[in-house]
Each structure stands twice: as C-alpha cells, then as structure tokens.
Amino acid sequence: MSSESSPSLKAGDHVFLVDGSSYIFRAYHALPPLTRKSDGLPVGAVAGFCNMLWKLLQEADETAAGVTPTHIAVIFDHSAKTFRNEIYDQYKAQRPEPPEDLIPQFGIIRDAVRAFNVASIEQPGYEADDIIATYACQAVEAGADVTIISSDKDLMQLVGPHVIMLDTMKNKRIAEPEVFEKFGVAPDKVVDVQSLAGDSVDNVPGVPGIGVKTAAQLINEYGDLETLLSRASEIKQTKRRENLIEFADQARISRRLVELDCNTPVDVPLADAAVRKLDGEKALAFLKAMEFTTLTRRVAETAGKDAGTVEAADLAIKGWDAPETAAPSGSSEKSVASPASGAGPAALAEARAAEIRAIPLDASAYECVRDVARLKAWIEDAFETGFVAVDTETTSLDPMEAELVGVSLSTAPGKACYIPLGHRDGEGDLLGGGGLLEGQIPLKEAIDLLKPLLEDAAVLKIAQNLKYDWVILKRLGIEVAPYDDTMLLSYTLDAGLQGGNGMDALSERWLGHTPIKYEDVCGKGKSAVTFDKIALDRACSYAAEDADVTLRLWQVLKCRLPGETMTTVYETLERPMVPVLSRMEMRGIHVDRQMLSRLSGELAQGAAALEAEIHEMAGETFNIGSPKQLGDLLFGRLGLPGGKKTKTGAWSTSVSVLEDLAAEGHPLPVKIVEWRQLTKLRSTYTDALPDHINRETGRVHTSYSLASTTTGRLSSSEPNLQNIPVRTEAGRKIRKAFVAAEGSKLLSADYSQIELRVLAHMAEIPQLVKAFADGLDIHAMTASEIFNVPVKDMDPMVRRRAKAINFGIIYGISAFGLANQLGISRGEAGDYIKTYFERFPGIRDYMEEMKRQVHANGYVTTIFGRKAHYPDVNTKNPNMRQFYERAAINAPIQGSAADIIRRAMVRMEDTLAASKLSAKMLLQVHDELIFEVPDEEVDATIPLVARTMEDAPSPALSLRVPLQVDARAAQNWDEAH
DNA sequence: CCTGCCCCATA
DNA sequence: GTATGGGGCAGGA
C-alpha cells in the first residue's frame with residue numbers, strides 16, 4: 001500500500017467510506033447461501049461485496065449517492081475487544097459467534113479490497129465505526145462531502161449537511177430526514193436517544209422502560225441528555241422518573257458507548273484513500289480465483305484485458321478446510337454425523353428451498369420468443385446473469401434421430417422463455433407433416449445466435465439430464481460448456497432415495513410443484529404426437545416451465561454439495577461423464593445386420609423343431625412361452641414331482657426347476673430349456689438389435705443412464721448393450737455380430753476380479769491382499785483356505801464352490817442363497833460360511849460395519865465417497881430388512897468398482913490424445929471397456945488403455961491390491977473378449 | 001392398451 | 001445372496 005504523501009483533501013472532494021464489517025454480515029444474511037466456489041468455499045458475501053464495490057468504483061453516480069467519489073476506503077473492525085469494553089465489560093458481549101461459513105469470508109473480503117486497489121483500513125482497539133467517524137470529521141473539516149456506505153443505525157449520528165449514508169442493498173440514501181424518521185430527532189441528538197433507549201443487540205443498557213419513541217420525546221422536550229437527567233425529578237410518570245434517576249449513570253455510560261470517537265488515531269491519512277487506477281491483472285486474478293464469472297468478464301472488458309490470459313490468484317484461506325480429495329472410506333466414523341441436524345448446511349438448503357418455493361410458478365406467464373431481437377435480448381440476459389437453464393424440445397426420445405423443435409431458457413426463478421424453431425402444422429400430410437409454422441426464427445439463425453452463449457466459458461449452462469441435450473446440440477455443431485446437471489446433482493446427493501432423479505419427481509420433492517406432464521401435452525401411446533405438432537402457446541408453457549423448474553432445482557441442489565461433502569464426487573465422478581458418454585453414444589457400434597438375420601433364421605428353425613418335439617412329447621399343443629400353461633402341464637397334467645411355487649402362487653418354471661426335473665431323468669424339461677434359450681436369443685437380440693440400427697450412421701447407439709442405479713453403475717438401454725450374451729455358444733454368435741469398421745479392430749479391456757480386489761482392499765484381508773499381489777488364482781486360494789486342500793491338483797468342484805462363496809460374499813451372502821446356488825442344504829451352506837468367516841474374520845467385520853452404518857445413517861459409501869441410500873432399511877419386516885442389509889454390503893463393493901471405471905473413462909480420452917492415438921471408446925459393460933482402434937494403432941493402444949484403467953484410483957487413492965486389466969483386440973467382440 | 005409377473009441376458 | 005433392462009404372457013381396463 002502506498003505510503004508516500006498524497007495531496008490533502010479539498011473542498012469539492014467526495015469521500016466514500018465503506019463499512020466493510022457490517023456489509024459482510026448483511027450480505028451474508030440477505031443473500032441466499034447459494035454461492036460457493038467449486039471447492040466448496042462459501043463466497044456469497046464476498047460476491048455481494050465485490051459487486052457492490054465494483055459498482056461504486058464504476059457508476060456511483062447512478063446510485064442513490066448520485067456522485068462519483070474522489071476518495072474511497074473500506075473500513076473493517078479489527079478485533080472484538082475495544083476501548084468500549086473498558087467502559088462497560090458487557091458491551092457486545094452477547095454477540096454470537098459468526099456462522100461457520102462466514103468466517104473464511106472475512107479475510108477474503110480484505111483480499112478483495114486490495115485486489116480492486118482500494119484502501120483497506122483497520123485499527124487495533126477501535127471499531128470500524130470510530131474510524132469512519134474520524135475520517136468523516138476530517139473530511140468535513142477539509143470542506144469535502146462524505147458518503148458512508150452502510151445502513152448501520154449507529155452511524156446515523158454522523159449524518160449532517162455534508163455527510164449522508166447510502167444503503168447499497170436497497171439503493172437508499174439516508175440523510176437528515178431519514179434519520180429523523182428513524183429516531184424522531186435530528187442526527188446530532190441521535191446519541192442522546194440511543195443512550196436512553198439502549199440497544200439489546202450491542203448490549204448497550206440504556207434506561208429501563210424507555211425505548212426510541214419515549215427517548216425522542218424526552219430529548220425533544222428537554223434538549224439533551226444531561227439536561228434531562230438533571231431535571232429528571234420533574235417527570236410526571238412515576239416509574240419513568242424513578243428509572244431516570246436510578247439509572248442516570250447507566251445512561252451516561254451508554255452515551256459513551258454509542259458516541260463515536262472523532263479522534264481515533266489513524267495510521268493511514270485519508271488523503272491516501274484517493275481513488276486509484278484499477279490494476280486489471282490484480283483484480284482479474286482475484287476474481288478468477290473466486291470463480292465470479294460475470295464480474296470477471298465485466299472487469300476484463302473495462303480493463304481492456306483478456307481474462308483468459310490472467311492466472312487465477314493463489315489464495316490461502318484461513319479457517320476453511322476444503323473438502324478432502326477423497327471422502328472418508330466406509331469404515332470411517334466421520335460419516336456418522338448427520339447432515340440433517342440443527343442450523344447446518346441441510347437447514348440452509350431447506351431455507352433456500354423454501355425461498356424458491358415462495359416464488360410463484362405460472363406456466364402461462366412465460367415468453368414465447370418469436371423474433372431475433374427478443375432472442376438476442378434473452379441471450380444478453382444470460383450473459384449478464386452468468387448462468388442459464390437450458391432445455392431442448394425434440395421429435396424423439398432418441399437423441400441420435402431426434403430433430404430439434406425448440407429451446408427453452410431460464411435466467412431466474414419465474415423468468416423463462418421458449419424459442420420455437422421447428423413447429424409444424426398439426427394437419428400434416430402423409431409424407432411427414434405440414435410445413436413450418438409462421439413466426440419462428442429460422443433454425444440455423446437461432447443456432448448461430450445460441451452457439452456463442454452455450455459455448456461461452458463465462459456462462460454456466462444448467463440442464464436436467466444434459467447428456468440428451470448435449471447430443472442434440474452437438475449434432476447441430478454446439479459443444480455445451482461449462483455446465484451443471486440437476487439430475488446428476490440429485491443423484492450425487494440422494495442416490496437411492498424415494499422418487500428417483502427425474503425432473504417431475506424432483507420438482508415435487510423440492511419445489512412442491514407438479515410440472516405440466518409430457519403426456520398431457522403430446523398424449524400417450526398410439527395417439528401420441530411429436531412435440532413439433534404442438535401449438536406454440538401450449539408448447540411454450542410446457543417447455544419454458546421445464547427450464548424454470550430446472551433452474552430452481554439447481555439453486556436448491558447445488559448449494560447442498562459442499563455441506564454434504566459431495567463436491568468431489570460430483571465433480572470427478574458425475575459431471576465429467578456427460579460429454580464422455582455423449583460421445584460414446586454418438587459413435588455407436590457397428591453390427592452386422594446380415595449375420596443377425598441369418599442367425600435369427602437359424603434360431604427360428606431350431607426353435608420350431610424343438611417346439612414340434614415338445615408338443616409331441618407333451619401329447620398336446622400349448623404355448624411353451626406361457627409359464628402358466630407350462631406349469632399347469634408339467635405339475636398338473638403330467639404330475640411331475642418337485643414343483644415350486646412363485647410368490648404369487650403360480651408354478652415356477654424357472655431354469656433351476658426345469659434342470660432339477662431334467663436331473664430326475666425327465667426329457668421334456670431339457671427341450672423346454674433349449675427352446676427357451678433359442679427364442680430368448682431371437683426375440684431379445686437377433687430380432688431386436690437390427691431395429692436399433694440408425695438410418696444415418698448405420699450403427700447401433702445405446703443410451704447410457706448415469707443416474708438410475710443406487711450403486712453408481714451405469715445402465716444401458718434401447719438397446720441394452722450391457723447384457724449381450726457371452727456364456728453359451730449360441731449366445732456368443734450374437735457377440736460375433738458386433739464388428740469393427742473396415743481397417744479397425746474392436747479392443748476389449750476388462751478388469752479382472754475388480755470387486756473382489758475392492759473388497760480385499762476395503763476389508764483389509766491379508767490373505768486376499770497377498771494373493772492378489774502375487775497374482776494367484778483367487779478362487780483356488782479361497783478353496784485352499786476354507787476346505788484345507790492344496791491348490792495344486794485341486795478338484796475343480798472344490799474351486800467352483802469357493803468361487804460361488806466369493807461371489808456370495810460380494811452379494812451379502814446368506815445360507816439360503818448359497819445353498820440355492822450350489823444345490824446343497826442350507827445347513828451345509830451355513831457351515832461353509834462359518835468356516836469362511838473363521839478364515840477371513842475381516843470380511844465379517846466389514847459386513848457388520850456396513851450393516852451398522854446403513855442402520856445409523858441410512859446410507860453407505862464407496863471408497864471415493866459416493867453415497868448409496870437405503871431409507872427403508874429400518875423396516876420391521878425382517879425379510880426386507882435383511883435384503884437392504886445385503887444391498888448395503890454389496891453397494892460399497894459394486895459402487896467402488898463403478899467409481900474406478902468412471903475415473904478411467906473420464907481420463908481415457910485425454911490419455912489417448914496425449915499419445916496421439918485415435919482409439920474411440922464405444923461401450924462400457926461395468927468392468928469392461930470396448931474401443932474401436934485403427935489396425936496399425938492396436939499394439940500401442942492396448943498397454944495404454946490397460947495402464948489407464950489399472951491406475952484409475954490414483955492419485956485420489958492407492959489400493960492395497962493391484963488392479964489387473966486384460967485387453968485384447970479382434971475383428972469382433974466375441975473374439976476380443 | 002397398460003401393467004404386473006415371470007423369466008432371463010449381463011456384470 | 002447384489003445391480004440392471006427387456007421380452008412375452010395374461011389379466012384388467
């Protein structure tokens with residue numbers, strides 16, 4: 001800070017004195033607890049402060065102050081104890097500690113002041129108010145005018161002909177009339193009134209029974225405090241008279257407490273607070289570090305600098321612990337703390353939600369944007385706001401064949417629009433609809449206008465299930481960034497909680513609002529029409545409401561992340577998956593239509609032959625595909641033994657039942673199992689897959705869901721490419737139809753035993769850890785441990801049993817389940833489990849710990865901190881309860897493995913690009929990634945992919961066991977796997 | 001025409 | 001025993 005002497009103040013100067021300390025409290029309580037940096041640092045008050053300061057520096061004349069300052073200083077309280085505590089030890093004694101997330105902001109605001117090259121003033125032993133009083137007196141003496149930026153009533157005593165106050169939050173000027181209105185006396189008598197009335201907030205005692213009204217009346221009558229006290233005996237009202245006499249000294253002490261000191265020793269002469277030139281670099285570095293995108297842009301414009309070239313400042317923040325890189329592992333006690341209690345983050349989030357709920361939601365009030373001028377206005381608004389909720393309306397749920405019909409935007413709760421672009425006449429001809437409706441901006445023109453906004457780094461785009469819109473917009477040449485996804489926010493925070501993460505459910509849960517249903521707009525089933533056929537006003541209500549709801553959900557959900565320490569999970573495991581999966585879906589995979597068609601024919605023939613045989617053997621024709629008819633035949637008419645009932649009381653005809661019958665020597669069930677397999681393969685795969693081949697790309701594009709499992713796994717649908725057969729020879733023929741493009745190979749890389757490795761890590765099982773480290777056969781090792789047999793020359797049946805137990809452990813083993821799986825008695829299965837736990841006591845400890853946690857918290861966590869909620873685990877139904885307990889045992893294992901492959905996927909594209917390799921990730925099947933690789937790059941790609949997958953946990957975590965990835969390339973998926 | 005049930009494909 | 005998605009049947013609209 002400058003210490004050389006500056007020209008002293010002169011008449012006509014205008015001094016702005018900003019009451020920094022009171023501003024931060026007011027900003028904190030007035031602004032919603034929404035604003036946080038991506039690392040969770042709360043910066044809402046800082047943001048408010050910076051905007052205010054910037055406005056004062058740039059356009060103070062447009063505020064209620066009406067002038068531009070020549071001098072400006074921000075004044076802070078230095079310490080809690082001041083000379084007033086020596087006068088009265090109770091002064092401000094009952095003031096509560098500042099809220100936890102406000103504390104780190106005190107220091108940052110001082111940084112902000114310096115970043116804007118403004119004088120920051122504080123003085124040990126004195127309150128900000130005294131320094132302000134001193135500066136104000138000095139300025140007035142020099143003939144200058146003063147504006148005090150504060151609304152603190154304690155400063156109103158300073159108001160006079162040359163001193164006003166400015167409440168920037170209300171943009172309200174406080175001069176003599178306003179002071180008179182508040183205290184009933186002129187500013188120079190305010191101290192007398194306060195001395196009598198006291199102040200419960202600052203613990204100024206005053207005189208009992210006298211408030212501001214009475215005090216003003218008394219002062220107006222007697223002139224000033226001393227006169228009043230000396231003539232107190234004249235007061236008519238008994239109690240008031242007695243109190244004024246008895247508490248006269250207390251009133252005098254109060255006067256000394258409230259009267260501001262105009263003679264504070266100040267180290268920095270006011271002249272040094274002359275407005276200085278903005279240091280663009282310094283300001284931008286600070287603002288970038290704070291992630292205040294809008295203000296960064298404004299300052300960059302004003303300073304004529306490119307914000308992109310400025311490095312964010314490195315701010316060491318005291319009193320704030322950023323969330324850990326990896327959240328505590330499942331066995332940590334730290335996760336016990338309930339986020340739902342007291343005035344913690346959960347309460348703040350709830351307060352936030354209540355606030356947003358209170359803003360009316362009226363679907364008929366949205367704007368339908370029909371011309372370029374209005375579209376530009378909305379785009380400008382989004383740039384100003386710095387964030388915008390975006391939603392697209394299209395002709396199909398499949399983003400790869402959907403056509404864009406319109407776009408909706410929202411920049412504030414209740415403020416949303418819909419931009420129709422592709423609506424057509426509902427009375428279309430048979431060739432696919434009528435012409436475009438009038439009054440719509442041409443698609444290309446709208447896209448050209450929207451692209452800069454949707455790709456601008458300074459504007460956050462908010463969507464519900466962005467992956468869909470991302471693909472739609474990418475096909476139109478727009479790559480949306482940066483972005484947030486409300487569905488993923490909800491999934492990160494509440495995976496497994498009732499209702500799911502769909503927009504309608506979230507709107508109900510958080511906003512108490514039922515959005516217009518898609519079916520109510522477009523109809524459903526056979527009579528459904530595509531969105532382009534919907535009349536504009538109806539379309540606008542529906543579409544704009546979605547954007548409005550999305551924006552509100554974002555405001556409710558985003559601020560929960562840091563308080564629930566889920567920022568890292570969201571930022572590393574969820575958010576970055578959106579473009580990764582979008583690109584995978586867009587690439588699709590090539591399937592050989594002819595091969596499938598041929599296979600379908602073969603399967604049909606085989607099934608027909610079996611059908612004839614079955615009918616022959618049964619002695620009647622019946623529908624083999626009807627479990628009901630089949631059950632009646634086998635256990636009714638044929639009277640076979642060993643029938644089991646399903647939970648609804650029908651005969652079970654599942655494979656296990658049919659195999660039991662086959663083992664008894666009945667030939668019919670064998671044929672039925674074969675028939676089932678063939679028809680299943682045909683209907684589910686060979687016949688269904690070709691229907692999913694995209695007309696334009698000639699490839700199959702699955703859709704991955706990021707938010708539909710409780711554990712963190714993805715799911716795949718339309719078509720589901722995560723359940724393509726592999727176990728049987730007939731099934732593998734279907735895999736052979738998944739082929740690489742000409743000149744390429746399919747590369748399959750899969751984690752070996754990843755869930756068992758994760759379990760070995762989490763439960764810290766020495767034998768398992770060692771076995772994995774040594775690269776042993778883990779099932780054989782298990783068998784050796786529990787059945788006490790050597791690994792060498794092991795009976796394959798013994799190994800099979802151990803393998804089943806290992807899987808059972810992952811699933812939260814029960815004797816019942818294991819017995820079923822191995823076809824042994826429950827007693828025998830129970831013995832196996834008992835032995836297993838004796839050999840691996842850590843496994844039992846792990847299981848018990850997960851059960852304890854799920855009962856205590858309602859959720860369990862993966863090694864990367866992902867939560868899986870089981871809200872109903874405390875049910876009284878013992879079967880349900882045990883079911884949830886098993887799920888809670890399984891979730892950290894399955895979920896941690898899912899986290900690991902997510903990390904690999906997020907990193908994969910950059911890793912390949914860095915090595916100049918052009919392999920493209922196409923599919924994910926839980927522990928396997930499938931790539932399409934040019935022939936000549938196969939050899940270089942295999943080790944790189946494998947290493948990236950194996951190293952995926954680091955640097956966040958280092959597992960106790962190595963991960964192993966097997967990778968292979970071939971012309972088709974079957975041979976690569 | 002929709003929904004619940006059964007069955008079955010994968011990890 | 002965990003986690004999914006999907007096809008066919010059958011009953012109730």
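Residue numbering restarts at 1 for every chain, and letters A, B, ... go by the order of the sequence lines. Hydrogens, waters and symmetry mates are skipped; everything else that's a heavy atom, side chains included, is used.
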Side chain of A/Thr709 - closest among B/dA9, C/dA10, C/dA3: C/dA3

Aromatic centroids of A/Tyr491 and A/Tyr570 separated by under 6.0 Å: no

Touch class at under 4.0 angstrom, heavy-atom based, for A/Asp750 against every strand present: nothing

Gap separating the OH atom of A/Tyr811 from the CG atom of A/Asn806, nearest 0.5 angstrom: 11.5 Å

Nearest-nucleotide pick for A/Pro725, side chain only, options being B/dA9, B/dA11, C/dG5: B/dA9

A/His977 side chain, from C-beta outward: closest of B/dA9, B/dC8, B/dA11: B/dA11

No-H, no-angle donor-acceptor pair, A/Lys680 side chain to B/dC8 base, under 3.5 Å: yes

Below 4.0 Å: OP1/OP2 of B/dC7 and any side-chain N or O of A/Ser652: yes

B/dC7 OP1/OP2 closer than 4.0 Å to side-chain N/O of A/Gln677: no

Any A/Thr646 side-chain N or O less than 4.0 Å from OP1/OP2 of B/dC5: no

Any A/Arg713 side-chain N or O less than 4.0 Å from OP1/OP2 of C/dT4: no

Distance test, side-chain N/O of A/Ser708 to OP1/OP2 of C/dG5, below 4.0 Å: yes

Steps toward salt bridge (Lys or Arg N to Asp or Glu O under 4.0 Å) verdict (A/Glu932, A/Arg699): CA-CA 13 Å; A/Glu932 196 165 35; A/Arg699 291 164 73 103; 2.7 Å; yes

Distance below 4.0 Å between A/Arg676 side-chain N/O and B/dC8 OP1 or OP2: yes

Any A/Thr684 side-chain N or O less than 4.0 Å from OP1/OP2 of C/dG7: no

OP1 or OP2 of C/dC9 under 4.0 Å from side-chain N/O of A/Asn623: yes

Sugar-phosphate only, base, or nothing, as touched by A/Phe883 at under 4.0 Å among non-hydrogen atoms: sugar-phosphate

Side-chain donor-acceptor pair present, A/Thr711, A/Gln894, cut-off under 3.5 Å: yes

